[in-house]
Amino acid sequence: MPLFASTILLSAFLLFLVQPIIAKQLLPWFGGTSAVWTTCMVFFQVLLLAGYTYSHFITRRLNARAQSNLHIALLVVSLAFLPIIPSVLLKPAGEEDAALRIIVLLGATIGLPYLLLSTTGPLLQKWIAPRFPERTVYRLFALSNFGSLIGLLAFPFAIEPFTSSTVQSWVWSGAYALFVATCAACAWQARKLPTIDARPSGSTAAAAPSGSAVPERAPTLADYGLWLVLAALGSLMLLASTSHITQNIASVPFLWVVPLTLYLLTFVLAFEGRAGRGWYEQTWLLLPALLLFVAMSWGLSANNGVLDIGLAIPLYSAGMFFACLFCHGELAQRKPAPRYLTNFYLSLSAGGALGGLLVGLVAPRVFPGYYELPLALFALSALAVWLAWERKSLLGPALIATAATAFYGFTYVEFLRDNVMVMQRNFYGTLRVREAGTGEYQVRRLLHGVILHGEQFTQPPRSEQPGTYYARTSGVGLAIDSKQAQGPLRLGVIGLGVGTLTAYGRAGDTLRIYELDADVLALARSHFTYLGAAEQRGATLQFALGDARLSLERELARKEPQAFDVLAVDAFSSDSIPVHLITREAIEIYARHLAPGGIIAIHISNRFLDLKPVLANIAAATGLTVRHVADSPTDDLLASSTDWVMLSRDPKAFEVGELAKRAAPLATAPHMSLWTDKFNNLLDVLKTRPWDELKALVGLE
């Protein structure tokens with residue numbers, strides 16, 4: 001018993017830990033876009049479903065000895081995949097389909113080990129089920145999710161801050177070799193264990209196991225359908241709530257850990273405790289869950305869609321927790337006899353994958369806006385009506401909640417469309433163009449979710465001036481002015497926004513803009529005038545679509561250094577940091593694209609992270625001079641407070657004009673490790689610790 005339990009715990013820990021380890025190694029190869037993480041998650045979900053299918057198939061079709069032999073053989077073969085370090089031979093050349101190449105890389109690097117890890121929970125539980133009374137074997141499912149929870153929390157707080165990605169891969173590979181040994185021992189012992197026959201008997205009831213007088217009912221088609229729906233709604237709520245919290249409420253580093261931790265915790269609570277019956281009770285949990293569903297629906301459009309963070313974070317975290325506990329608790333209450341254990345887990349896995357596919361792949365292609373969260377809340381309320389049909393005291397609240405979530409969901413859709421000139425959605429998120437104000441103060445804004453991507457006054461002369469983070473008093477403004485004083489400018493821009501930086505373009509200047517999202521470029525052309533005005537003044541605009549770092553790497557490979565006088569790096573989305581753009585390797589690529597005396601200007605304004613020491617250390621390691629310009633304008637209607645860090649090979653680049661007065665040196669941080677593609681740690685640069693952030697968010701201090 002201890003051997004089986006410890007193997008299940010270890011497998012779950014490794015299963016959850018390998019996902020960020022391997023995905024992070026692929027980020028620099030594919031530009032660090034969100035598509036990398038999404039593609040990885042789709043791969044892992046599909047492989048998890050394949051693992052559960054394997055467990056279900058062999059326990060139904062093979063005898064104990066054949067199951068043992070096959071699994072031990074696969075475990076031994078999987079050792080050939082170690083260590084889990086992606087081969088440089090598979091590194092993309094830049095022209096192929098990135099998603100397909102990521103799947104090939106994942107399959108070649110971690111495919112079979114991940115598949116076998118995913119089989120461990122259901123397979124070992126099925127082998128040892130006869131040793132457990134009644135349905136208590138499902139307590140091992142709670143243990144498995146506890147192991148996943150440990151793996152989830154270990155990576156950002158105990159592993160990533162202290163080790164490089166290479167060390168992580170080798171240590172994980174060693175732990176996997178240990179898992180192979182323990183799992184093989186379990187498979188060998190399974191030969192001697194009594195088995196449960198799960199083959200159909202021709203009736204809805206199968207013979208009871210030895211010592212039980214109660215026949216075991218075979219699951220019906222309705223059972224399978226309900227298992228699938230409950231698992232899919234739980235997965236959908238996790239992903240939809242996480243997206244809403246991290247994109248529309250606060251981009252706090254590591255905040256995504258909170259909903260995922262709560263999600264795993266609901267599995268533990270639902271399947272553990274009270275002799276394996278779990279702690280879920282519909283009679284006491286359904287009412288508060290319904291109240292939270294309504295409150296979450298209301299909060300989507302309340303206060304113009306911007307709830308106070310101290311209310312929004314607890315509301316959507318608690319709501320997601322109760323929603324998932326409702327789904328997983330109902331699953332636990334409906335778990336079948338152990339002989340149908342793999343059927344049950346296969347349905348759960350299929351539902352989880354379905355929920356992920358709906359949020360990750362279907363919704364961005366079907367919905368013009370972010371509609372999956374209100375739809376999920378309505379579906380949960382409607383499902384509660386059906387499940388509470390026999391409890392008349394809960395039926396009324398469920399009906400009221402269904403009507404309320406439908407009303408507030410409709411209100412939210414209308415809110416998204418209010419004063420919107422255009423709204424469209426693609427893989428990267430929802431883009432909206434809105435107008436506010438009147439007359440000379442009318443301003444047009446480009447929003448990504450609720451994050452401002454740029455704005456422009458609609459009336460001249462303000463419409464012709466650079467504003468927000470790119471005002472003439474900002475660091476990048478000073479750098480551009482200093483170079484334009486010396487002649488025609490060659491400016492590189494990473495991150496288009498609405499094209500504000502092109503307001504600096506004059507006749508003879510060349511501006512090369514790197515933009516990830518083609519829809520952003522289209523909207524900047526159709527609804528803002530910065531690009532057209534720059535071209536009318538005689539500036540030459542060039543565009544490179546796709547991830548900027550990949551584009552710059554390809555240009556170097558083609559021996560086409562751009563010789564930028566200024567390269568402005570501002571591809572951050574609110575407080576979300578694409579780390580691959582500020583590592584040592586990234587800065588070295590930028591430096592190779594500079595003209596003599598050229599300047600790299602990096603926008604680092606951020607509520608939660610202090611990136612100055614990161615760039616100071618990289619500058620020292622690469623032999624670059626580094627300066628910092630802080631700007632806090634008080635009399636400029638156009639300008640926002642900003643922090644820009646600038647780097648150059650030539651110290652004299654910062655001795656020109658206003659830069660000489662405003663650009664301050666940056667001291668290195670010897671206590672902080674150098675950020676590279678293989679090692680970087682956001683915990684080092686948090687302005688406050690994660691616990692302090694969360695306490696402040698929920699109003700505890």
Side-chain angles (χ1 to χ4, degrees), residues 217 219-241 244 259 262-263 266-267 269-271 277-302 315-336 344 347-348 350-352 354-355 358-359 362-363 366-367 370-414:
R217 183 180 67 86
T220 64
L221 187 60
D223 291 325
Y224 286 111
L226 185 56
W227 295 343
L228 187 72
V229 169
L230 286 168
L233 283 175
S235 174
L236 197 156
M237 277 300 299
L238 166 67
L239 297 174
S241 299
H244 180 67
L262 295 174
Y263 176 79
T266 61
F267 276 115
L269 294 176
F271 286 86
R277 291 179 53 210
W279 297 104
Y280 170 81
E281 284 288 350
Q282 188 186 95
T283 52
W284 66 263
L285 184 134
L286 187 56
L287 184 59
L290 291 170
L291 290 173
L292 284 168
F293 297 164
V294 174
M296 293 169 76
S297 298
W298 164 81
L300 290 172
S301 55
L315 171 62
Y316 286 95
S317 297
M320 191 281 302
F321 172 77
F322 272 82
C324 292
L325 186 56
F326 166 62
C327 292
H328 300 154
E330 292 293 339
L331 281 169
Q333 296 293 317
R334 289 166 170 76
K335 58 183 181 287
F344 181 64
S347 300
L348 265 62
L354 178 62
L358 287 174
V359 175
V362 176
V366 174
F367 299 142
Y370 183 71
Y371 298 160
E372 48 267 36
L373 182 55
L375 286 174
L377 292 168
F378 171 75
L380 282 166
S381 300
L383 181 62
V385 172
W386 184 46
L387 294 179
W389 193 262
E390 296 180 357
R391 300 178 185 271
K392 302 304 181 184
S393 60
L394 294 173
L395 182 58
L399 288 169
I400 294 173
T402 303
T405 53
F407 171 77
Y408 286 124
F410 179 78
T411 303
Y412 171 66
V413 172
E414 291 299 305

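- The salt bridge (charged side-chain N to carboxylate O under 4.0 Å, His left out) contacts involving residues 288-299 comprise nothing, where partners must be two or more places apart or lie in separate chains.
- The side-chain contact (heavy atoms from CB on, under 4.5 Å) check on Leu285 picks up Tyr280, Ala289, Phe322, Leu325, Phe326, with sequence neighbours excluded.
- Residues satisfying the ring pair (Phe, Tyr, Trp, His ring centres under 6.0 Å) test with Phe321, not counting sequence neighbours, are none.
- A salt bridge (charged side-chain N to carboxylate O under 4.0 Å, His left out) check over residues 323-332, counting only residues at least two apart or in different chains, returns the pairs Glu330-Arg334.
- Val362 meets the side-chain contact (heavy atoms from CB on, under 4.5 Å) test with Leu358, Val366; sequence neighbours excluded.
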Exercise answer: donor-acceptor pairs, residues 231-241 side-chain atoms, under 3.5 Å, sequence neighbours excluded:
{"residue": "Ser235", "atom": "OG", "partner": "Gly352", "partner atom": "O", "Å": "3.0"}
{"residue": "Ser235", "atom": "OG", "partner": "Gly356", "partner atom": "N", "Å": "3.4"}
{"residue": "Ser241", "atom": "OG", "partner": "Met237", "partner atom": "O", "Å": "2.8"}

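- Annotation: salt bridge (charged side-chain N to carboxylate O under 4.0 Å, His left out) contacts involving residues 219-238, sequence neighbours excluded, comprise Arg217-Asp223.
- Residues forming a ring pair (Phe, Tyr, Trp, His ring centres under 6.0 Å) with Tyr263 (at least two apart in sequence, or on another chain): Phe267, His328.
- Listed by chain and number, the residues in a ring pair (Phe, Tyr, Trp, His ring centres under 6.0 Å) with Phe407 amount to none (sequence neighbours excluded).
- Pairs engaging residues 282-297 under the salt bridge (charged side-chain N to carboxylate O under 4.0 Å, His left out) rule: none recorded [sequence neighbours left out].
- With sequence neighbours excluded, no residue forms a side chain to side chain donor-acceptor pair (under 3.5 Å) with Ser381.
- Annotation: side chain to side chain donor-acceptor pair (under 3.5 Å) contacts of Tyr224 (sequence neighbours excluded): Asn343.
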